[in-house]
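Notes to accompany the following structure.
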Amino acid sequence: MKQGVGRTQLRKKAKMHSALSLQIKCSVCLSDFTDPVTLSCEHSFCRKCITGHMQASLGPSACPECQTPYDEEDLKSSRLLRNMTSTVREHLAELKLDESTPKERNATLKLSETEGMLMCSEHDEKLKLFCETDQKLVCVICRDGDKHKGHIFKPVKEAAQISKGELKTALGFLAKENGQLDYMIQQQTTEITKTEDKSKTLSAQISAQFEEMHQFLRQKEGEVKQQLGKREKKVIEFMQNNQSVINRRFMENKEKEIILQSALEIEEPDHFLQWWNEKGFPMTKNMKQKADMTPSNIKYTSTVKDLTVLPDSLFLGPHETHLQFFVWKEMLGSIKPVPESLTLKNPGQSYLKVSPGGARIRQADRATVLYKNFNPGTVSEENFQAGQHYWEIEVREKPDWTVGVKMGSEKELSAAKSAESEILLHLKHSKGYVLSCDGKDTTLNTRDKPQKIGLYLDCDRKQVSFYNADSMSRLAQINYSSKQPCCLTLVPGLYLDGMNSDPLSVCSYEFNTGNR
């Protein structure tokens, strides 16, 4: 009986020791604190444990206990907890050995060993076995019970070794995955930096190109204003000369008017006639058209008749009425790059006509209705495999045509056609606009009917885009995977009894100006 009471007391002491020892254990490594630190949430861990946890976190670090976010600045050394850990260790050691008989000491030591092992909560026995079926620790009584009937068991040490081996495998996998993820993070960071740098470069490039246009426009504005100033000076000078003649005539006539008016105010007849003889008669005689006119048929020579008021004649021609258009046309000569020109191959078809120079293609005129559905086309002599290229093809009011890109070598293009090597935009007189790619047709819903089609080929990104070149709005965009060189293909469309005989023309924006 006394022996049972002793074991109970020892067990109570051991539980007390266990509760006290839990207060100095790190919840990450489950060992006594080593160089403890405290977070802002007041939870404490070993410095090495919480630093490793922080480094292993892919995103923001969070407290393992309460998930409160923290960073390296929140790690505060806890001298109090470090001292308390040391003190509790010493105290526990003293409690285990002090004030005990040799028998109790031996029992305590054995009990400590026992307490070091986990106990079955149901049978109060050591958990010496591991059920692989349920993946849990059991005692020998549990093994023989109905709950674990037919299950597979292993000794704790052996099961622990197996599980640790599996854990190491998982850990190795995670380490490899985390290495790849870390490398991907670095790569993504590099790409983000490259994108930011490229954006800055493009922004500077855009500013530089707009500055070139601004400079051209400012220069052109100065030239037009200078031309206006010269025209103004010339016109006003001519009008001022005319005004001087009018002023001189006016002053002369005004002087005569005053003299004649003054003579009328002479009351004495003899004085008046004296003036008339000396001045009046010669003056009026010179004013008359003919000297021998009778008093009833007197006509005076007009000093106004040969004069006229010059109207405003200042005019700058097209720069006054169509300034923006004329300047835009001049600006085209300084814009780089412009849509490229190319040469169309003459396929040798009797039903196709390629213009000299290879810039236009159309269906040949015909008198017969045979081959009315024959719709041949041609390709460009130039091939493209790198860089970005843009062309404009004039379609005007044609009701049927095809513009696009073919991929492949010259031999492949001359062999049997492969729909998978073409990206085509059609205007079909019976269906409207259709995009063909990989042998599949997609109807395009657009209200526009462009007079010109813009085709943008980005060989680096493997992308083809079609534009309404009148408004520069995009009609379609599609990617391709072929690594073969590309060339343009133009099909003038069905003949349609002569209703579709207009050509497809590759627009040229090359200027032979002195400024280029």
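These values consider heavy atoms only, across backbone and side chains, with no hydrogens, waters or symmetry-generated copies.
A salt bridge between Lys234 and Glu237 is absent, with no side-chain N of the basic residue lying under 4.0 Å from a carboxylate O of the acidic one. Note on Arg218 versus Glu221: no salt bridge recorded, every NZ/NE/NH1/NH2 to OD/OE distance being 4.0 Å or above. With salt bridges taken as basic N to acidic carboxylate O contacts below 4.0 Å, one links Lys406 and Glu422. A salt bridge does not link Asp35 to Arg79: none of the charged nitrogens lies less than 4.0 Å from a carboxylate oxygen. Between Lys428 and Asp441 there is a salt bridge, since at least one side-chain N of the basic residue sits less than 4.0 Å from a carboxylate O of the acidic one.
Thr38 and His43 share no side-chain donor-acceptor pair at under 3.5 Å. No side-chain donor from either of Ser78 and Ser44 sits under 3.5 Å from a side-chain acceptor of the other. No side-chain donor from either of Gln215 and Gln219 sits under 3.5 Å from a side-chain acceptor of the other. Donor-acceptor pairing under 3.5 Å is lacking for the side chains of Glu72 and Tyr70. Gln451 and Asp470 share no donor-acceptor pair across their side chains, judged by distance under 3.5 Å alone.
Judged by distance alone, the side chain of Asp182 and the main-chain N or O of Asn178 form no donor-acceptor pair under 3.5 Å. Under the 3.5 Å distance criterion, the side-chain polar atoms of His389 are matched with a main-chain donor or acceptor of Ala386. Although no hydrogens or angles enter the test, the distance criterion places a donor-acceptor pair under 3.5 Å between the side chain of Thr195 and the main chain of Glu191. Using a distance-only test at 3.5 Å, with no hydrogens or angles considered, no donor-acceptor pair links the side chain of Thr34 to the main chain of Cys46. The main-chain N or O of Phe250 is never found under 3.5 Å from a side-chain atom of Asn253 such that the two would form a donor-acceptor pair. Between the side chain of Asp448 and the backbone N or O of Pro450 there is no donor-acceptor pair closer than 3.5 Å. Gln205 places no side-chain N or O within 3.5 Å of a backbone atom of Thr201 that could act as its donor or acceptor partner. Of the possible polar contacts, none joining the Asp438 side chain to the Lys440 backbone as a donor-acceptor pair under 3.5 Å is found. Side-chain atoms of Ser380 come within 3.5 Å of backbone N or O of Leu488 as a donor-acceptor pair. Remark: the backbone N or O of Pro282 is paired with a side-chain donor or acceptor of Asn286 at under 3.5 angstrom.
A ring-ring contact (aromatic ring centres under 6.0 Å, His included) with Trp391 is found for exactly one of Phe384, Tyr456, Phe466, Tyr467, namely Phe384.
The shortest heavy-atom contact between Cys41 and Cys63 is SG-SG, 3.6 Å. Residue Leu435 comes nearest to Ala476 through the heavy atom pair CD2-CB, 3.9 Å, listed as atom of the first residue, atom of the second, then distance. Here the closest heavy-atom approach between residue Lys462 and residue Ser482 is recorded as NZ-O, 3.1 Å. The nearest pair of heavy atoms linking Tyr480 to Cys459 is OH-CA, 3.6 Å.
Glu382 contributes atom CD, which lies 9.5 Å from atom NZ of Lys345 (distance to the nearest 0.5 angstrom). Within the model, atoms CG of Leu494 and CG of Asp400 stand 4.5 Å from one another, a figure rounded to the nearest 0.5 Å. To the nearest 0.5 Å, atom OG of residue Ser505 and atom NZ of residue Lys452 are 10.0 Å apart. Atom CG of residue Leu504 and atom CD1 of residue Ile393 lie 8.0 Å apart, to the nearest 0.5 angstrom. Here the straight-line distance linking atom OG1 of Thr442 with atom CD1 of Ile478 works out to 7.0 Å at 0.5 Å rounding. Thr402 OG1 to Leu424 CG: the interatomic distance, rounded to the nearest 0.5 Å, is 6.5 Å.
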Which is it for Ser508 and Ser341 under the side-chain hydrogen bond (donor to acceptor under 3.5 Å, both in side chains) test, yes or no, and what are the steps along the way? CA-CA 5 Å; Ser508 176; Ser341 59; 5.0 Å; no
side-chain hydrogen bond (donor to acceptor under 3.5 Å, both in side chains) evaluation trace for Asp458 with Gln388: CA-CA 4 Å; Asp458 189 338; Gln388 292 78 31; 3.1 Å; yes
From CA spacing to verdict: salt bridge (charged side-chain N to carboxylate O under 4.0 Å, His left out), Arg249, Asp306: CA-CA 11 Å; Arg249 298 267 181 101; Asp306 61 334; 2.8 Å; yes
Taking it one step at a time, do Cys507 and Glu394 satisfy side-chain contact (heavy atoms from CB on, under 4.5 Å)? CA-CA 7 Å; Cys507 299; Glu394 192 171 42; 3.9 Å; yes
Evaluate side-chain hydrogen bond (donor to acceptor under 3.5 Å, both in side chains) for Glu257 paired with Gln261, printing each intermediate quantity in order. CA-CA 6 Å; Glu257 180 184 0; Gln261 183 66 39; over 6 Å; no
What do the steps show when you test Ile259 against Lys279 for side-chain contact (heavy atoms from CB on, under 4.5 Å), and what is the final call? CA-CA 9 Å; Ile259 292 174; Lys279 295 182 179 179; 5.8 Å; no
Trace of the side-chain hydrogen bond (donor to acceptor under 3.5 Å, both in side chains) decision for Asn500 with Gln363: CA-CA 8 Å; Asn500 190 35; Gln363 285 234 24; over 6 Å; no
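Proximity of Leu39 to Thr68: side-chain heavy atoms (C-beta onward) are nowhere separated by under 4.5 Å. Side-chain contact between Glu397 and Lys449 is present, with at least one heavy-atom pair separated by less than 4.5 Å. Between Ile185 and Thr189, some side-chain heavy-atom pair lies under the 4.5 Å cut-off. The closest side-chain heavy-atom distance from Arg362 to Val354 is not below 4.5 Å.
Residue Met499 qualifies as open at atom CE: its count of foreign heavy atoms under 6.0 Å is 12 or below. Within 6.0 Å of atom CD in Gln324, 12 or fewer heavy atoms from other residues, nucleotides or ligands are found, so the atom counts as exposed in its surroundings. Counted within 6.0 Å of CD on Gln186, heavy atoms from surrounding residues, nucleotides or ligands total more than 12; the atom is thus considered enclosed.
Every side-chain contact (heavy atoms from CB on, under 4.5 Å) that Glu177 has, sequence neighbours left out, goes to Phe173, Gln180.
Aromatic pair Phe281/Trp275: centroids not less than 6.0 angstrom apart.
Ring geometry for Trp276 against Phe272 counts as parallel: the plane angle stays under 30°, on a 0 to 90° scale with 60° as the upper cut.
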